[in-house]
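Residue indices begin at 1 and follow the sequence shown.
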Amino acid sequence: MRTLDVPQLVRAEVQQRDADRQMQTRLMYVPPLDGSLDPHRNFDAFVAGRIMEILNHHFPGYPWHAVSNAQQGIVYFSIPVLMGETLRYLIKLGDWSDLSPKLVIDGGGELLERMNLPRKGFDVMSFIKARDQKHLSDFADAGKARR
């Protein structure tokens with residue numbers, strides 16, 4: 001029996017950003033297509049959660065999306081509304097002896113710079129401008145983490 005490749009909600013949290021803004025953080029899980037048990041599920045949830053914590057702490061307010069896939073040896077993150085569903089900052093775990101916060105911070109900052117978004121935090125007008133000009137953003141070599 002084959003299951004659908006549909007994300008399942010594991011946990012949702014609402015975070016107060018400012019007096020008038022809230023952000024919801026959701027932890028989603030996509031089960032294997034063949035319906036088998038995923039031995040890396042808890043580890044992947046832990047790693048993706050930590051990546052989200054790092055990105056939200058250093059670059060608050062942006063709608064980040066992070067995924068860990070230990071079986072494939074990768075983690076990636078993006079801002080889907082600006083980058084689409086397929087462009088991502090990819091980190092191949094085999095290339096790094098340590099998935100450090102600095103590596104995630106550098107990647108997140110690089111993505112924001114490529115879209116001319118401030119690192120200090122979410123700015124509505126900058127975000128709208130980036131969304132309207134997303135076709136001009138250059139992500140050709142994004143995710144090819146530098147050593």
Could you check Ile105 against Phe59 for side chain to side chain contact (heavy atoms under 4.5 Å, CB included), going step by step and ending with a plain yes or no?
CA-CA 9 Å; Ile105 295 164; Phe59 313 113; 4.0 Å; yes
Heavy-atom check, side chain of [X] versus side chain of [Y], under 4.5 Å:
X	Y	value
Leu82	Leu117	yes
Phe46	Asn42	no
Met83	Leu111	yes
Arg88	His65	no

Please work out whether the ring planes of Tyr62 and Phe122 are parallel, tilted or perpendicular, with thresholds of 30° and 60°.
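Tyr62 vs Phe122 ring planes: perpendicular.
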Please work out which of the three classes, parallel, tilted or perpendicular, describes the rings of Trp64 and Phe77, given edges at 30° and 60°.
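Correct class here is perpendicular.
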Give, for atom CD1 of Ile91 and atom CG of Leu99, the distance between the pair rounded to the nearest 0.5 Å.
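The distance works out to 5.5 Å.
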To the nearest 0.5 angstrom, please state how far the NE2 atom of His57 sits from the CE atom of Met52.
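Atom-to-atom, His57:NE2 and Met52:CE are 14.5 Å apart.
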Might you point out which heavy atoms bring Gly108 and Leu55 nearest each other, and give the distance in Å?
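So the minimum-distance heavy-atom pair works out to CA-CD2, 4.0 Å.
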Ile51 and Ala66: which non-hydrogen atoms are nearest, and at how many Å?
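The answer is CG2-CB, 3.7 Å.
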Test salt bridge (charged side-chain N to carboxylate O under 4.0 Å, His left out) applied to Arg119 - qualifying residues, sequence neighbours left out
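Partners of Arg119 under the salt bridge (charged side-chain N to carboxylate O under 4.0 Å, His left out) test: Glu113.
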Hey, mind stepping through Ile79 and Met115 against side chain to side chain contact (heavy atoms under 4.5 Å, CB included) and telling me if it holds?
CA-CA 10 Å; Ile79 302 175; Met115 294 180 280; 4.1 Å; yes
All side chain to side chain donor-acceptor pair (under 3.5 Å) counterparts of Ser126, not counting sequence neighbours
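Only Asp123 meet the side chain to side chain donor-acceptor pair (under 3.5 Å) criterion with Ser126.
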Extract all donor-acceptor atom pairs below 3.5 Å that involve side chains of residues 67-74 and protein atoms in other chains or at least two apart in sequence.
{"residue": "Ser68", "atom": "OG", "partner": "Asp44", "partner atom": "OD1", "Å": "2.9"}
{"residue": "Asn69", "atom": "OD1", "partner": "Gln71", "partner atom": "N", "Å": "3.3"}
{"residue": "Asn69", "atom": "OD1", "partner": "Gln72", "partner atom": "N", "Å": "3.0"}

